[in-house]
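The structure appears below as structure tokens.
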There are 2 protein chains.
Amino acid sequence: MAITRTRIQEKNRSAILEAGLDVFSQYGFRGTTLDQIADTAGLSKPNLLSYFPSKEAIHTELLETLLQAWLDPLHALDDTGDPIGEILDYVKRKLDMSRDYPRESRLFANEILQGGPRIADNLNGELKALVDEKAEVIRGWIAAGKVAPVDPYHLIFSIWALTQHYADFDVQVRAVLGGADPFPGAQEYLTQVFTALLRL
Amino acid sequence: MAITRTRIQEKNRSAILEAGLDVFSQYGFRGTTLDQIADTAGLSKPNLLSYFPSKEAIHTELLETLLQAWLDPLHALDDTGDPIGEILDYVKRKLDMSRDYPRESRLFANEILQGGPRIADNLNGELKALVDEKAEVIRGWIAAGKVAPVDPYHLIFSIWALTQHYADFDVQVRAVLGGADPFPGAQEYLTQVFTALLRL
DNA sequence: GTGTGATTTGACCAACTGGTCAAAGCTACG
DNA sequence: CGTAGCTTTGACCAGTTGGTCAAATCACAC
């Protein structure tokens, strides 16, 4: 079912998704209006609705794209690699995502804050399965005496929390730092944290 | 300007604030309706509006109360105490707040996600000043050779991120853990993290 | 019980919301 | 140049939103 699309359709669709990401990530699903998205995308509302059947459809498409990108870095955690190096690489990938795709991070945060009604299945299914799998990998490393014994689930939560914080709470972080770019310092600090934690 | 209030006024005001906290913390300012708050509080909308002049006023009052409670645990960080113990105590206080006041945490998260338009002054003023002050305390501990050298700002960010995550992303955390209470494990894990990081 | 002020609400309003539709404008190809 | 079909929009609709108001109800001191 390959849908053929004209250049204009391609351009408008991505303009709408881009605009939707902008607005949904700030105001959440209920706080966002179609007029806001249409204005941001530079289209009229009826025109926008000729590309997506509803507000819900735009949001759903954004969330689906996001969830894939969200799990990718964790998929890449390789049980045959150097344990501490693998974990530090995962931290780095997630921090880079917070720097380069902060709106996606905020879209996810907004959805979770609202109780995750639209992604509950994914959380309880794909996400949980993947985390269970990787937690097992980390447990293996601990059993093999390659990293210090820590709860693998809370280890993963802490990586999420520490990296996403720089995207989700960007305004607060920059206020405290007087506007300076937090990411170089964050990279160094997080390396230090996880090295100290996992080193034997 | 001490306002005298009848018992009914006292009860209704707090019912409204309670309901507002419930709804605002889930849907954010724009995503929340007065009808939702009124229903949750068990009042009619006109009655609700006889206690607060507008939706904005309820939100503002909640945010002001919140910001005070937010800064309190950091205020308590004592430069004359045992450094690592002081920091671990701060972590514990913040984690307890995430467990006992998750809605407040989410209200704050929602406001920051939206760019913090209603609390920008506080972030750049009171909050920044307090963090600057406590960062100086931590720097002193590092200079005195009492804790390992770490960036004090990122240390504070990491405490916020790691503790608030358990309130803000509660749905995700519980999905991954299959519904189990995350807080006992979190307490232990966070102690381990900050001990490993700060110990010389 | 009665009156007074506190409390509550039904009915209402203008602005906004998500969404529809028919008509208009535009573009590429013969 | 014409026209078929892609693209766009003005006008519209019903439901919701934040907020108002006068009238009704209630609680309680006398």
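What's counted below: heavy atoms across the whole structure, side chains too, no hydrogens, waters or symmetry copies. Below, read A as the first sequence line, B as the second, and so on, with proteins coming before strands; counting in each chain starts at 1.
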B:Q9 side-chain N/O to C:dT7 phosphate OP1/OP2 under 4.0 Å: yes
D:dT7 phosphate, OP1 or OP2: any side-chain N/O from A:Y51 under 4.0 angstrom?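 Indeed not, no polar side-chain atom of A:Y51 lies that close.
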Rounding to an integer number of Å, can you tell me how far [X] [atom1] sits from [N] [atom2]?
| X | N | atom1 | atom2 | answer |
| --- | --- | --- | --- | --- |
| B:K45 | D:dT17 | NZ | C1' | 6 Å |
| B:D35 | C:dC16 | CG | P | 18 Å |
| B:E56 | D:dT17 | CD | P | 18 Å |
| A:E10 | D:dC6 | CD | C1' | 15 Å |
| B:Y27 | D:dT17 | OH | P | 12 Å |
| A:I37 | C:dG18 | CD1 | P | 8 Å |
| A:L49 | D:dG10 | CG | P | 15 Å |
| A:I16 | D:dT7 | CD1 | P | 12 Å |

If you find the nucleotide of DNA chain C closest to B:R30 and the one closest to B:K11, which residue's nucleotide is nearer the 5' end?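 Taking each residue's closest nucleotide, the earlier one in sequence belongs to B:K11.
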Picking from [options], which would you name as closest to the side chain of [X]?
| X | options | value |
| --- | --- | --- |
| B:N47 | C:dT8, C:dT17, D:dG18 | C:dT8 |
| B:P46 | D:dG19, C:dT8, D:dT20 | D:dT20 |
| A:K55 | D:dG18, C:dA11, C:dG18 | C:dG18 |
| A:I8 | C:dT17, D:dT7, C:dG19 | D:dT7 |
| B:L34 | C:dG19, D:dT8, D:dG18 | D:dG18 |
| B:S44 | C:dT17, D:dT17, C:dT9 | C:dT9 |

Closest contact, heavy atoms only, A:A15 versus A:A41: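 Minimum heavy-atom separation between A:A15 and A:A41: O-CB, 3.7 Å.
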Taking all heavy atoms of B:I142 and all of B:A148, pick out the closest pair and write down the distance.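 Scanning both residues completely, I find the closest heavy atoms to be CG1-O, 3.7 Å.
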First encountered from the 5' end of DNA chain D, between B:Q36 and A:N12: A:N12
What do you reckon, is CD of A:E188 surrounded by more than 12 foreign heavy atoms closer than 6.0 Å? no
Looking at A:D96 and A:R99, is there a salt bridge between them, counting it only when a charged N and a carboxylate O are closer than 4.0 Å? yes
Between B:Y166 and A:H154, is a ring-ring contact (aromatic ring centres under 6.0 Å, His included) present by the stated rule, with each step listed? CA-CA 10 Å; B:Y166 288 98; A:H154 288 282; 5.6 Å; yes
